[in-house]
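Throughout, protein chains are lettered first and strands after them, A, B, ... in sequence-line order, and every chain is numbered starting at 1.
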Amino acid sequence: MASPIAAWRRFLARPNDDRVKTLGIAFLVAFCAALLVSTASVLLKPRQQAHIEAARQAQLDRMLDTLPGLRDLMLEAGVDALQTRLVNLETGSFATGIDPATFDPRAAAQDPATSIDLPPEADIAGLKRRATLAPVYLLESDGELKVIVLPVEGAGYQSTIRAYLALEADLNTIAALTIYEQGDTPGLGARITEPAWAALWPGKQIADETGEVVISVVRGQATTPYEVDGIAGATRTSNGVHNMLRFWLGPYGYGPFLETLKAEGL
Amino acid sequence: MSLLRHVTAPLIANNPVTLQILGICSALAVTTSLATALTMSIALTAVLCASAAIISAIRNHIPASIRLIVQITIVAALVVVIDEFLKAYAFEISGRLSIFVGLIVTNCLVLGRAEGFAMHNPVLPSVLDGLGNGLGYSLILLVVGAIRELLGAGTLFGQSVLRTTAEGGWFEPLGLMALAPSAFFILGLLVWAIRSWWTVQNEAPDFALRTAPEAPRQ
């Protein structure tokens, strides 16, 4: 039996245009490259994830700064960040037993075990799948809800729009809508990220007296407290935001959860 | 001394960007500010040195029929690793560089040095050649980046140098400098300046201009 070292020497001694050597070298180079890349990726993943999380947190913080009086409320309550809780969207109640810090909504929405297929007629936001759990961020003081922030997402014109919808304690008045991720046309659809458009949202009502969700993004001038001006020249992006809110406030979104919260409190 | 030449020659006399006109795409895209230009320069120099070392070390065993694929695989693996490092340790800048770090794979400069130099030379000269070319590329990127950031935003490395009118100063930023064409202009002016100084770099015209024969007189 030849020792492995001798076999290795024989392999290297083969002529370079030999078929075995060509295949061997190709395999070895690919193997080493794959090993290098996966090692780096696995080792650096936690650090990268921390940066992504921090970036999202910063976005949330910026939104909180735009809510009038919220910082004072937080000071009063003695907290410096909102509380994160997981909501079971099927039952409409808070989910227990899972640490919100380790929950990854995007991964959960991809995994068949933690998400559901949306029926096409209900899927107005163009999501196809939706995770069964969703994180919400809330501020309470003395057991009373002050503000709640719901992450929402939906298809825009050529990208997925992701946003935070902040509701006041009555769960019907919008405190703010902040788009934190979108890739629609710069100068047209992308104007949904501009402060001027975000400023249209505070004070708008989600549902009318009968409890039906009627919040709309309309063409032209908004006339009722349930309407927000769309962006001229970006009808599909405006419709995307409209559908996104209708979906997430509806029966397949946070609808059941908001009902439970209204009825039972925290 | 002769080894050191590998490092100094590509700085200006044989600069990869201004003489060989390689790596122009990234030179346009990442030079809007000095910080991105510097990060890109470091990333490219690191990839260039490492790929030169690895390829030169195994050069005698790379079958000629698959040598380009082997080189690209090695370069691509290194680029992914650098990209992962940037995402982990320089998150904000890696977001601004977006896909351009990944596109180092397709930078002609890296493959050019691997195929043109590292395949035929021992490890040490190859690494030094990679370092020299990386520094030559960096030098041009930093010059272009400095000019564009200074004239386009009145800052250098994000520090205010020329107070802009928006801040109550006198300087009106040139919007053109934020756009890619300005990098072409600056690069063109640099090439012109360098070739006026080192006339050796002027190439002989491929074709002589022919003047039309004078029209026959009636």
Side-chain angles (χ1 to χ4, degrees), chain A residues 5-59 61-62 104 106 159 162 180-183 186-187 190 193 195, chain B residues 39 43 46-47 49-99 101-102 104-105 110-111 114-115 118-120 175 178-180:
Chain A
I5 295 173
W8 175 243
R9 285 232 174 86
R10 268 212 313 284
F11 171 71
L12 287 187
R14 279 168 178 271
N16 267 354
D17 50 6
D18 175 74
R19 194 171 296 167
V20 175
K21 179 149 179 185
T22 305
L23 284 175
I25 292 286
F27 173 78
L28 279 176
V29 167
F31 180 77
C32 293
L35 201 65
L36 183 70
V37 167
S38 20
T39 314
S41 174
V42 169
L43 288 183
L44 296 171
K45 192 99 199 163
R47 262 195 105 88
Q48 298 171 354
Q49 213 62 47
H51 282 299
I52 294 170
E53 192 50 47
R56 207 170 57 189
Q57 194 64 45
Q59 190 79 36
D61 278 347
R62 270 200 294 282
D104 180 352
R106 290 195 199 182
S159 68
R162 293 195 166 86
Y180 67 86
E181 196 183 314
Q182 58 82 33
T193 57
Chain B
T39 317
V47 169
C49 289
S51 69
I54 298 173
I55 290 169
S56 147
I58 61 168
R59 69 185 186 281
N60 292 330
H61 296 290
I62 300 180
S65 52
I66 58 164
R67 67 178 198 288
L68 284 178
I69 301 175
V70 167
Q71 290 164 9
I72 283 279
T73 310
I74 292 169
V75 172
L78 290 169
V79 168
V80 176
V81 170
I82 293 273
D83 198 20
E84 297 276 330
F85 262 96
L86 284 180
K87 277 187 195 142
Y89 292 94
F91 183 73
E92 200 260 335
I93 285 197
S94 104
R96 280 200 280 158
L97 285 174
S98 66
I99 57 166
V101 174
I104 293 178
V105 181
V110 184
L111 196 63
E115 173 71 7
M119 277 299 279
H120 317 289
L179 304 172

- [ ] Considering non-hydrogen atoms only, spot the tightest contact between A/Val37 and B/Val80 and give its length.
- [x] CG1-CG1, 3.7 Å
Open item on the list: Against A/Val29, only a single residue in B/Ile62, B/Ile69, B/Thr73 fulfils side-chain contact (heavy atoms from CB on, under 4.5 Å); can you say which?
Closed with: B/Thr73
- [ ] Report the distance from atom NZ of A/Lys45 to atom CD of B/Glu84, rounding to the nearest 0.5 Å.
- [x] 7.0 Å
Open item on the list: For A/His51, give me all partners under ring pair (Phe, Tyr, Trp, His ring centres under 6.0 Å), at least two apart in sequence or on another chain.
Closed with: B/Phe91
Task: For chain A, the option from B/Ala64, B/Ala88, B/Ala77 that forms the most heavy-atom pairs under 4.5 Å - done: B/Ala88
Task: Flag side-chain contact, heavy atom, 4.5 Å: B/Asn60 against A/Leu12 - done: no
- [ ] Sorted by first residue and then second, give each salt bridge (Lys or Arg N to Asp or Glu O under 4.0 Å) pair with at least one member in residues 65-82 of chain B; sequence neighbours left out.
- [x] B/Arg67-B/Glu115
Task: Check against side chain to side chain contact (heavy atoms under 4.5 Å, CB included), A/Ile25 and B/His61 - done: CA-CA 8 Å; A/Ile25 292 286; B/His61 296 290; 4.2 Å; yes
Open item on the list: Would you compute the distance between atom CD1 of B/Ile54 and atom CG of A/Leu36 and round it to the nearest 0.5 angstrom?
Closed with: 7.5 Å
Open item on the list: Is B/Val70 close to chain A through its backbone or its side chain, or both, or neither, when contacts mean heavy atoms under 4.5 Å?
Closed with: both
- [ ] Kindly give the heavy-atom pair with the smallest separation between B/Tyr89 and A/Leu44, and that separation in Å.
- [x] CE1-CD2, 3.7 Å
- [ ] With a 4.5 Å cut-off on heavy-atom pairs, point out which of A/Ala34, A/Pro46, A/Pro15, A/Ser41 contacts chain B the most.
- [x] A/Ser41
Open item on the list: If you count heavy atoms of other groups shown closer than 6.0 angstrom to CZ of B/Phe85, is the number above 12?
Closed with: no
